[in-house]
Peer 1: 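There's a structure below that I have some questions on.
On a predicted model such as this, the values are computed, not experimentally measured, just so you know.
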Amino acid sequence: MVKILLVEDNEMNRDMLSRRLKKKGFEVTMAFDGQQGVDMATLEAPDLILLDMSLPVMDGWEAAGHLKSNDKTKAIPVIALTAHAMAGDKEKALEAGADEYDTKPVDLKRLLGKIDALLGT
């Protein structure tokens with residue numbers, strides 16, 4: 001079973017997305033801020049990380065940088081999730097270390113396509 005770490009501080013977004021991913025057969029673990037996401041990724045080695053970019057404690061931009069600079073987590077694909085859909089935001093997320101970018105509200109079919117592409121499934 002593919003394990004996804006969902007790093008999201010908004011309870012409603014976290015609940016909705018985790019339930020929909022579990023329904024699709026994924027194992028989902030959750031972190032509520034960027035620092036907790038980095039720590040959990042290091043300990044649990046998920047197959048993929050869904051990373052909100054607007055997080056407390058450590059934002060997603062910084063968390064992505066930490067994940068990609070750590071030998072234990074740098075190979076884990078990261079999809080940046082953000083409500084920021086302004087020009088340049090995708091490039092900024094990719095430069096920060098994300099492997100892919102998706103906007104909120106999440107379109108599950110589109111997100112699943114990106115997950116499949118990153119995991120080669």
Side-chain angles (χ1 to χ4, degrees):
M1 183 179 290
V2 173
K3 185 197 291 190
I4 294 177
L5 172 59
L6 173 59
V7 187
E8 170 65 70
D9 63 321
N10 181 289
E11 184 179 356
M12 191 167 57
N13 291 342
R14 195 173 53 240
D15 182 58
M16 180 272 306
L17 191 51
S18 66
R19 280 188 293 112
R20 293 172 79 190
L21 289 168
K22 286 176 184 175
K23 238 179 170 172
K24 294 292 183 183
F26 295 101
E27 178 184 344
V28 180
T29 58
M30 291 178 269
F32 311 110
D33 63 57
Q35 183 62 60
Q36 186 182 30
V38 169
D39 294 344
M40 287 180 69
T42 304
L43 291 172
E44 298 187 13
D47 298 298
L48 184 130
I49 299 168
L50 296 175
L51 180 63
D52 180 30
M53 300 314 278
S54 299
L55 293 166
V57 183
M58 176 191 297
D59 67 25
W61 314 106
E62 188 178 349
H66 282 284
L67 290 165
K68 292 305 179 175
S69 66
N70 181 334
D71 286 339
K72 291 183 179 180
T73 57
K74 68 182 176 186
I76 301 170
V78 174
I79 298 178
L81 297 178
T82 182
H84 304 286
M86 311 256 299
D89 283 340
K90 179 177 182 176
E91 291 75 18
K92 184 179 174 186
L94 297 176
E95 286 172 18
D99 298 283
E100 186 53 87
Y101 169 91
D102 204 17
T103 56
K104 293 179 184 178
V106 171
D107 175 308
L108 189 63
K109 185 175 180 180
R110 181 182 63 214
L111 181 62
L112 290 172
K114 291 178 181 189
I115 290 170
D116 287 346
L118 286 170
L119 295 177
T121 57

Peer 1: Are the side chain of Lys68 and the backbone of Lys74 linked by a donor-acceptor contact shorter than 3.5 Å?
Peer 2: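 Answer holds: yes.
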
Peer 1: Would you kindly confirm whether Leu118 and Leu108 end up in one hydrophobic cluster when ILVMFWY residues are joined by side chain heavy atoms under 4.5 Å apart?
Peer 2: yes

Peer 1: Considering only heavy atoms from C-beta outward, does the side chain of Met1 approach that of Phe26 to under 4.5 Å?
Peer 2: no

Peer 1: Leu48, Leu51: one ILVMFWY side-chain cluster at the under-4.5 Å cut-off?
Peer 2: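 Looking at the clustering, Leu51 is in a separate group from Leu48.
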
Peer 1: What are the two closest heavy atoms between Leu5 and Pro46, and how far apart are they?
Peer 2: CB-CG, 3.8 Å

Peer 1: Could you pull out the closest heavy-atom pair between Leu67 and Val38, with the gap in Å?
Peer 2: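 Shortest heavy-atom separation between Leu67 and Val38 comes out as CD2-CA, 4.1 Å.
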
Peer 1: Roughly how far, to the nearest 0.5 Å, is CG of Leu81 from CG of Asn13?
Peer 2: 9.0 Å

Peer 1: For the pair Glu95 and Lys90, find out whether any cationic side-chain nitrogen is under 4.0 Å from an anionic carboxylate oxygen.
Peer 2: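 Judged by the 4.0 Å cut-off on N to carboxylate O distance, Glu95 and Lys90 do not form a salt bridge.
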
Peer 1: Would you confirm whether Asp9, through its side chain, and Phe32, through its main-chain N or O, come within 3.5 Å as a donor-acceptor pair?
Peer 2: no

Peer 1: Looking only at non-hydrogen atoms, find the nearest pair between Pro77 and Leu119 and report the distance.
Peer 2: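 Looking at all heavy atoms of both residues, the closest pair is CG-CD2, 4.3 Å.
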
Peer 1: Applying side-chain contact (heavy atoms from CB on, under 4.5 Å), name anything that partners Asn70, two or more places apart in sequence or on another chain.
Peer 2: Thr42, Lys72, Thr73

Peer 1: Taking C-beta and beyond as the side chain, do Gln36 and Met58 meet within less than 4.5 Å on heavy atoms?
Peer 2: no

Peer 1: Are Leu94 and Leu55 connected in a single hydrophobic cluster, I mean Ile/Leu/Val/Met/Phe/Trp/Tyr linked by side-chain heavy atoms less than 4.5 Å apart?
Peer 2: no

Peer 1: Indicate, with yes or no, if Val106 and Ile4 share a hydrophobic cluster defined by side-chain heavy-atom contacts under 4.5 Å among Ile, Leu, Val, Met, Phe, Trp and Tyr.
Peer 2: yes

Peer 1: With no hydrogens and no angle check, is any side-chain donor or acceptor of Asp33 less than 3.5 Å from a backbone partner on Val57?
Peer 2: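 No: the side chain of Asp33 does not pair with the backbone of Val57.
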
Peer 1: Quick one: list whatever passes side chain to side chain donor-acceptor pair (under 3.5 Å) with Asn10, sequence neighbours left out.
Peer 2: none

Peer 1: Do the non-hydrogen side-chain atoms of Val7 and Asp52 ever get within less than 4.5 Å of each other?
Peer 2: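 Val7 vs Asp52: side chains apart.
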
Peer 1: Does Leu112 reach the side chain of Leu21, with side-chain heavy atoms less than 4.5 Å apart?
Peer 2: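 Yes, at least one pair of side-chain atoms sits under 4.5 Å.
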
Peer 1: Tell me whether Lys3 contacts the main-chain N or O of Thr29 through its side chain, where contact means a donor paired with an acceptor under 3.5 Å.
Peer 2: no

Peer 1: Is there a side-chain contact between Ile79 and Leu111 (heavy atoms, below 4.5 Å)?
Peer 2: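 Side chain of Ile79 against side chain of Leu111, heavy atoms only: contact under 4.5 Å found.
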
